[in-house]
Amino acid sequence: MAVQVEIWTDINCPFCYLGKRRFEQALAGFEHRDQVRVVHRSFELDPTLPAGHSGPVVAHIAEKYGISEAQAAANERGIAAQAQAVGLPYRTEGRDFGNSFDMHRLLHFALDRGWQDDVLDALYEGNFADERPVFGDRERLIELAARAGLDPVEVRATLDDPQAYADAVRADENTAAQLGARGVPFFVFDRTYGVSGAQPPEVFTQALERAWADHAPALQVLGDGDACGPDGCAVPAADDRD
């Protein structure tokens with residue numbers, strides 16, 4: 001018996017980075033954590049971006065939300081403070097954003113090889129902590145995937161084939177739409193409970209407990225007759241004895 005947790009994310013998304021860590025904090029304290037299977041699903045924040053596209057994230061945020069670059073930079077500093085609170089490095093200057101489709105294809109390949117969580121961590125670290133950009137640079141993706149444990153030759157072959165895992169990425173995105181996900185991170189527990197956003201760990205704990213309870217519901221005891229217990233056996237009343 002296992003609980004499946006599916007997490008829809010995009011490497012562009014700082015709250016996905018935070019949400020993964022907060023979920024992991026909840027999972028670490030969950031009694032049945034060894035019976036929880038986590039799968040990361042694909043969600044592109046902007047699937048209209050052309051392949052290989054990248055650009056400075058502060059300017060992108062300012063344009064997207066109609067705010068000044070100073071305000072966008074302040075938002076980045078606020079997210080950095082949240083990241084620091086959960087022990088995550090976060091670089092507030094010089095980051096980029098871009099088309100993430102190849103990253104999602106790579107994560108599906110990593111899932112087949114049993115390294116998906118490690119590769120996702122490497123991509124997050126590359127985007128949010130390292131100085132070198134990760135978007136629009138295939139060699140950088142190969143380097144990060146190899147650092148996480150994948151064979152760089154296989155990674156290159158996967159990225160060189162534009163059809164490799166493309167259908168899997170689109171299937172994830174279609175499922176997200178069917179489930180009503182309008183943003184990420186989006187956590188789904190056994191396709192029964194959903195948690196939207198980088199919630200505090202206690203929210204994820206509640207979802208884990210509810211999903212587990214569905215697998216192992218409390219026993220409903222019908223009737224209450226004579227029985228023996230730790231303190232002995234019930235003694236019949238005197239007028240009931242032979």
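Not measured: the values here are computed from a predicted model. Along the sequence shown, residues are numbered consecutively beginning with 1.
Checked for salt-bridge contact, Arg91 and Glu76 miss the test: no charged N lies under 4.0 Å from a carboxylate O. For the pair Arg170 and Glu44, the salt-bridge criterion is met [side-chain N within less than 4.0 Å of a carboxylate O]. Using a 4.0 Å cut-off between charged side-chain N and carboxylate O, Glu173 and Arg41 make no salt bridge. Taking the charged nitrogens against the carboxylate oxygens, Lys64 and Asp46 have no contact shorter than 4.0 Å, which rules out a salt bridge.
Remark: the Tyr90 side chain and the Gln82 side chain contain no N/O donor-acceptor pair separated by less than 3.5 Å. In summary, the side chains of Asp96 and His60 do not present any donor paired with an acceptor at a separation below 3.5 Å, with no hydrogens or angles considered. Residues Tyr65 and Asn75 bring no donor and acceptor atom of their side chains to less than 3.5 Å of each other. Tyr124 and Arg21 form no side-chain donor-acceptor contact under 3.5 Å, judged by distance and modelled atom types alone. Between Thr192 and Asp190, the side chains place no donor N or O within less than 3.5 Å of an acceptor N or O (distance only, hydrogens not considered).
When the shell of 6.0 Å around CD of Glu93 is examined, it contains 12 or fewer heavy atoms from other residues, nucleotides or ligands.
Arg33 contributes a side-chain N or O that, together with a main-chain N or O of Phe30, makes up a donor-acceptor pair within less than 3.5 Å.
Distance CG/Leu159 to CD/Glu139: 9.5 Å, rounded to 0.5 Å.
Residue pairs meeting the side-chain hydrogen bond (donor to acceptor under 3.5 Å, both in side chains) criterion with at least one member in residues 157-167, sequence neighbours excluded: Asp112-Tyr165, Arg138-Asp160.
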